[in-house]
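Heads up, the thing below is written out as structure tokens.
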Amino acid sequence: MERIILHIDMDYFFAQIEERENPQFKGKSIVVGADPKEGKGRGVVSTASYEARKYGIHSAMPISKAYQLCPKAIFLPVNMELYQKVSEEIMEIVKKYLPRSIPSESEGLLRGSPAFEQVSLDEAYLDLSFLKSYSKTEALATKLKNEILEKEKLTATIGIGPNKLIAKMAAEKAKPNGLLIIKPNQVKSFLEPLDIEDLPGIGPKTGEKLRVIGINPHTKSFGVGVNKIKELKKLSKEKLAEMFGVVGEAIYERARGIDEEPVSSEEIIKSIGKQITFEKDTRDSEIIFGNFEKMIKEVHDELKENNFSFKTITVICRFQGFETHTKSKTLKELTNNFAILKKEAKKLLLRFMIENPKLIRLIGLRVKIC
DNA sequence: ATTGAAGTACACG
DNA sequence: CTAACGCGTGTACTTCAAT
């Protein structure tokens, strides 16, 4: 029983919204993210318009580097409330493309039944297996793109394939303002020429480790290394499992386009937390504990809103030089008590301050929900 | 032998 | 001074102690 899965991904989402709200920015280099502060900013880029990308600027890049690459770009702060509202409107449009009655999640576990899954503010999957044909799916995708453009004045890219993995990778290849359909018999030729890091789950570290396979440490001669998915497929499941554990086994399957993950809106929150990076590395207890108390309050408020209890408290501390550590404490039993959270969290942070004299860059607090 | 706690590493949007 | 690197969340691994 073959499925047909659609992945929709809004193009350069935050920056595109800013363009829409400020038409005079259209065609200019826009960088949405932290304040660059004349090159001294410590945040990162959230989204860059395609004009800005021509300078090498991209998401997650340190804002200081983005500023170096193009100081004349338009740097805008993140207006999350606005993006959230636009996201809600778009997701409402996307959901309309499912049949009127979606099987309720508990009974809708049937593989291939109509389903919607939002994965971030600007990405979602639809299980459209009920359409039974790729040509009908293509027509639906075109309509969906048009409706979003008409109603929201924003472009999106859609990928379609036999599973979530292929749908997502197709969208990635087709952006911006694209539509790419990969039918089951095209999966192999679609995947093989792609870089290993195009495969979701292979990040910089895993990619690097695969790349240096084949380097003989004795002769120092460089072997071929694994750069393309075609080459990755030559590694046995056992070899990948030895190198990367269970992740390696998943990589083996994915390199072959195999992915059985259901489209499902089931999403259970398992932890909530806050973290803050200081403007300058510091040992000032006023600054450190002032911010920490505020974070404790915020975390507790979020717990209360959702009626959550916690059992494990983790405090994160990043020191000058980016050296990051965590300390955690698991309580005897579940609680939602503010005083306990405050006392235990502060104890953990205090231990950091005692054990390590370095200047502090970041502090964080996270609680595991039960 | 298994489970739980603590800590680290890596990935993703 | 070839480093610059947020935030929120999830999964997996390793080590050690307790059951």
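In what follows, chains carry the letters A, B, and so on, assigned in the order in which the sequence lines appear, proteins first and then strands, with residues in each chain numbered from 1.
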Whole angstrom value for the distance that separates C1' of dC1(C) from CD of Gln320(A): 13 Å
Distance, C1' atom - from dC5(C) to dC10(B), rounded to whole angstrom: 15 Å
Selection from dA11(B), dG13(B), dG6(C) that lies nearest to any side-chain heavy atom of Glu123(A): dG13(B)
For Leu341(A), the option from Asn336(A), Val367(A), Thr335(A), Leu331(A) that meets side-chain contact (heavy atoms from CB on, under 4.5 Å): Val367(A)
Asp281(A) versus Leu359(A), closest heavy-atom pair with distance: CB-CB, 3.7 Å
Sugar-phosphate only, base, or nothing, as touched by Arg351(A) at under 4.0 Å among non-hydrogen atoms: sugar-phosphate
Touch class at under 4.0 angstrom, heavy-atom based, for Val44(A) against every strand present: base
Any Lys270(A) side-chain nitrogen or oxygen under 4.0 Å from OP1 or OP2 of dT11(C): yes
Verdict with reasoning, Tyr12(A) to Tyr50(A), per ring-ring contact (aromatic ring centres under 6.0 Å, His included): CA-CA 8 Å; Tyr12(A) 63 111; Tyr50(A) 279 83; 5.5 Å; yes
Nearest-nucleotide 5' precedence on DNA chain C, Ile268(A) against Ile276(A): Ile276(A)
Aromatic ring pairing His7(A)/Tyr125(A), orientation class (parallel under 30°, perpendicular over 60°, tilted between): tilted
Candidate nucleotides dC7(C), dC12(B), dT8(B), ranked by approach to the side chain of Thr277(A) - the nearest: dC7(C)
Short side-chain N/O contact to dG7(B) OP1/OP2 from His325(A), under 4.0 Å: no
Under 3.5 Å donor-acceptor, Arg42(A) side chain and Phe278(A) backbone: yes
Interatomic distance, Glu267(A) CD vs dG13(B) C1' [rounded to whole Å]: 14 Å
Closest to side chain of Pro200(A), choosing from dC12(B), dG10(C), dA4(C): dC12(B)
Proximal nucleotide (of dG10(C), dA12(C), dA11(B)) relative to the Val247(A) side chain: dA12(C)
Separation of atom CZ in Phe352(A) from atom C1' in dA6(B), rounded to whole Å: 11 Å
Sugar-phosphate only, base, or nothing, as touched by Ile63(A) at under 4.0 Å among non-hydrogen atoms: nothing
Interface with DNA chain C, restricted to residues 286-319 of chain A and to heavy atoms under 4.0 Å: Arg318(A)
Arg361(A) side-chain proximity, nearest of dC7(C), dC10(B), dC5(C): dC5(C)
Distance-minimising heavy-atom pair for Asp198(A) and Met169(A): O-CE, 3.3 Å
Nucleotide nearest Pro62(A) (side chain, heavy atoms from C-beta), chosen from dA4(C), dG8(C), dA11(B): dA4(C)
Sugar-phosphate, base or nothing in reach of Lys205(A), heavy atoms under 4.0 Å: sugar-phosphate
Nearest heavy atoms of Gly161(A) and Ile166(A), plus distance in Å: CA-CG2, 4.1 Å
Thr326(A) vs dT8(B): side-chain N/O to OP1/OP2 distance below 4.0 Å: yes
Sugar-phosphate only, base, or nothing, as touched by Ser64(A) at under 4.0 Å among non-hydrogen atoms: sugar-phosphate
For atom CZ of Phe14(A) and atom P of dC7(C), their distance in whole Å: 15 Å
Sugar-phosphate, base or nothing in reach of Gly201(A), heavy atoms under 4.0 Å: sugar-phosphate
From dA5(B), dC10(B), dG6(C), nucleotide with atom closest to Thr330(A) side chain: dA5(B)
Separation of atom CD in Gln84(A) from atom P in dG13(B), rounded to whole Å: 18 Å
Along DNA chain C (nearest heavy atom to each residue), the more 5'-positioned of Gly43(A) and Lys368(A): Gly43(A)
Closest nucleotide among dG13(B), dT9(C), dA6(B) to the Lys168(A) side chain: dG13(B)
Sugar-phosphate only, base, or nothing, as touched by Leu121(A) at under 4.0 Å among non-hydrogen atoms: nothing
Rounded interatomic separation in angstrom, taking CZ from Phe244(A) and C1' from dA12(C): 14 Å
Minimum-distance pair of heavy atoms, taken over all atoms of Arg256(A) and Val187(A): O-CG1, 4.3 Å
Euclidean distance, atom CD of residue Glu355(A) to atom P of dG7(B) [Å, nearest integer]: 9 Å
Between dG13(B) and dA4(C) - P atom distance, rounded Å: 25 Å
Ser271(A) vs dG10(C): side-chain N/O to OP1/OP2 distance below 4.0 Å: yes
Presence of salt bridge, Glu92(A) and Lys95(A), under 4.0 angstrom: yes
Whole angstrom value for the distance that separates P of dA12(C) from CD1 of Ile202(A): 16 Å
Nucleotide of dA6(B), dC5(C), dT9(C) approaching Arg366(A) most closely (side-chain heavy atoms): dT9(C)
Cation-pi geometry met for Arg53(A) and Tyr55(A) (6.0 Å, 45°): no
Minimum-distance nucleotide (side-chain atoms of Ser120(A) versus dG13(B), dC5(C), dG10(C)): dG13(B)
